[in-house]
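Only a predicted model underlies this, so the values are computations on that prediction, with no experimental measurement involved.
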Amino acid sequence: MAKKAVKSESLGDRIRKMREAQDIELDALAHKTGYAPEYLQEVENGKTAPPVGFLIQISRALKIDSSSLLGEAKKKERRKSYSKRTRAYSYQNLTPDSEDKHLWAYLITLDPKKEHERVAYQHEGEEFVYCLDGEAEIQVKDTNNIIKTGESLHFNSADQHTLRNLIDTETKLLVVVYAP
């Protein structure tokens, strides 16, 4: 007898479930996060893959650990299946169980010659980015900052910022976010 395939719960499904479990309307979540209700709806419906900053804002608004949004399990195979979140990069939460903390760390892997759609992100707090391998351009406001292996950048994450891989191979970044 063939086993029936089990569909894993999407990121959007988990966000909707957690929001509804706390009896928070979409408009109220939009107000708490600064994201438009339409954008939140797109994420919940699986039409948009959100960036790391989005997960930080949502997890803070819902008072949950961001790793629970990613559906991270203890098994490595399952964790890998949840690491890819956008068309241009993947990320892994390095600080699970930190919902009540102010500091979060992520391992970001940028695909070769990719940028995250040149959409400017911003969220409360500060960011520290350390280039583990490769070369990336981080635009903060109107300033283009290029960091290479072994270099870092610290900035106010409330300023609009974008990220782009400048080389033909993957770039790996350690990103530490402080949110007050």
Item to check | Distance in Å, Lys17 NZ paired with Ser10 OG, rounded so as to fall on 0.5 Å steps | outcome: 9.5 Å
Item to check | Check: Glu126 main-chain N/O paired with Ser157 side-chain donor or acceptor under 3.5 Å | outcome: yes
Checklist entry - Would you say Gln22's side chain and Leu62's backbone share a donor-acceptor pair under 3.5 angstrom? => result yes
Checklist entry - Could you state the interatomic distance from CG (Asp133) to CD1 (Ile167), rounded to the nearest 0.5 Å? => result 7.0 Å
Checklist entry - Nearest heavy-atom pair of Leu174 and Ala105: which atoms, and what distance? => result CD1-CB, 4.5 Å
Next on the checklist: Tell me if a side-chain donor or acceptor on Thr109 pairs with a main-chain N or O of Lys172 at a distance below 3.5 Å.
Outcome noted: no
Item to check | Minimum-distance pair of heavy atoms, taken over all atoms of Trp104 and Ala179 | outcome: CZ3-CB, 4.4 Å
Checklist outcome for this item: Nearest heavy-atom contact between Arg19 and Glu44 is NE-OE2, 2.7 Å
Next on the checklist: Contact between Gln57 and Tyr35 at the side-chain level, heavy atoms closer than 4.5 Å - yes or no?
Outcome noted: yes
Item to check | Atom CD of Glu20: over 12 foreign heavy atoms under 6.0 Å | outcome: yes
Checklist entry - When rounded to the nearest 0.5 angstrom, what distance separates OG1 in Thr169 from CD in Glu135? => result 9.5 Å
Next on the checklist: When you measure from the side chain of Arg164 to the backbone of Glu137, do you find a donor-acceptor pair of N or O atoms at a distance under 3.5 Å?
Outcome noted: no
Checklist entry - Do the non-hydrogen side-chain atoms of Leu103 and Thr95 ever get within less than 4.5 Å of each other? => result no
Checklist entry - Taking all atoms of both residues into account, what is the closest heavy-atom pair of Ala61 and Leu29, and its distance? => result CB-CD1, 3.7 Å
Checklist outcome for this item: To the nearest 0.5 Å, atom CZ of Arg14 lies from atom CD1 of Ile64 at 10.0 Å
Next on the checklist: Donor-acceptor pair, distance only, cut-off 3.5 Å: does the side chain of His154 make one with the backbone of Ser152?
Outcome noted: no
Next on the checklist: Just checking Phe128 against Phe155, ring centres under 6.0 Å apart?
Outcome noted: no
Checklist entry - Quick one: does Asn165's side chain have a donor or acceptor within less than 3.5 Å of a partner on Leu110's backbone? => result yes
Next on the checklist: Grouping I, L, V, M, F, W and Y whenever their side-chain heavy atoms are under 4.5 Å apart, do Leu166 and Ile108 come out in a common cluster?
Outcome noted: no
Next on the checklist: With a 4.5 Å cut-off on side-chain heavy atoms, are Leu163 and Leu173 touching?
Outcome noted: yes
Next on the checklist: Quick check: do His161 and Glu127 have side-chain heavy atoms less than 4.5 Å from each other?
Outcome noted: yes
Next on the checklist: Looking at every heavy atom in both Leu132 and Leu107, which two are closest together, and how far apart are they?
Outcome noted: CD1-CD1, 3.6 Å
Checklist entry - Just how far is it from atom SG of Cys131 to atom NZ of Lys148, taken to the nearest 0.5 Å? => result 10.0 Å
Item to check | Residue pair Phe54 / Val43, side-chain heavy-atom distance below 4.5 Å | outcome: yes
Checklist entry - Is there a path from Ile146 to Tyr130 through hydrophobic residues (I, L, V, M, F, W, Y) whose side chains come within less than 4.5 Å of each other? => result no
Checklist outcome for this item: Closest non-hydrogen contact found for Asn156 with Gly125 is OD1-O, 3.1 Å
Next on the checklist: Checking Ile138 against Thr162 for the side chain to side chain contact (heavy atoms under 4.5 Å, CB included) test, could you report, in this order, the C-alpha distance in whole Å, the side-chain angles of both residues, the deciding distance, and whether it holds?
Outcome noted: CA-CA 6 Å; Ile138 304 168; Thr162 60; over 6 Å; no
Item to check | Pair Thr48-Glu42, side-chain donor/acceptor within less than 3.5 Å | outcome: yes
Item to check | Atom pair CD1/CG of Ile147 and Leu153 - distance to nearest 0.5 Å | outcome: 6.0 Å
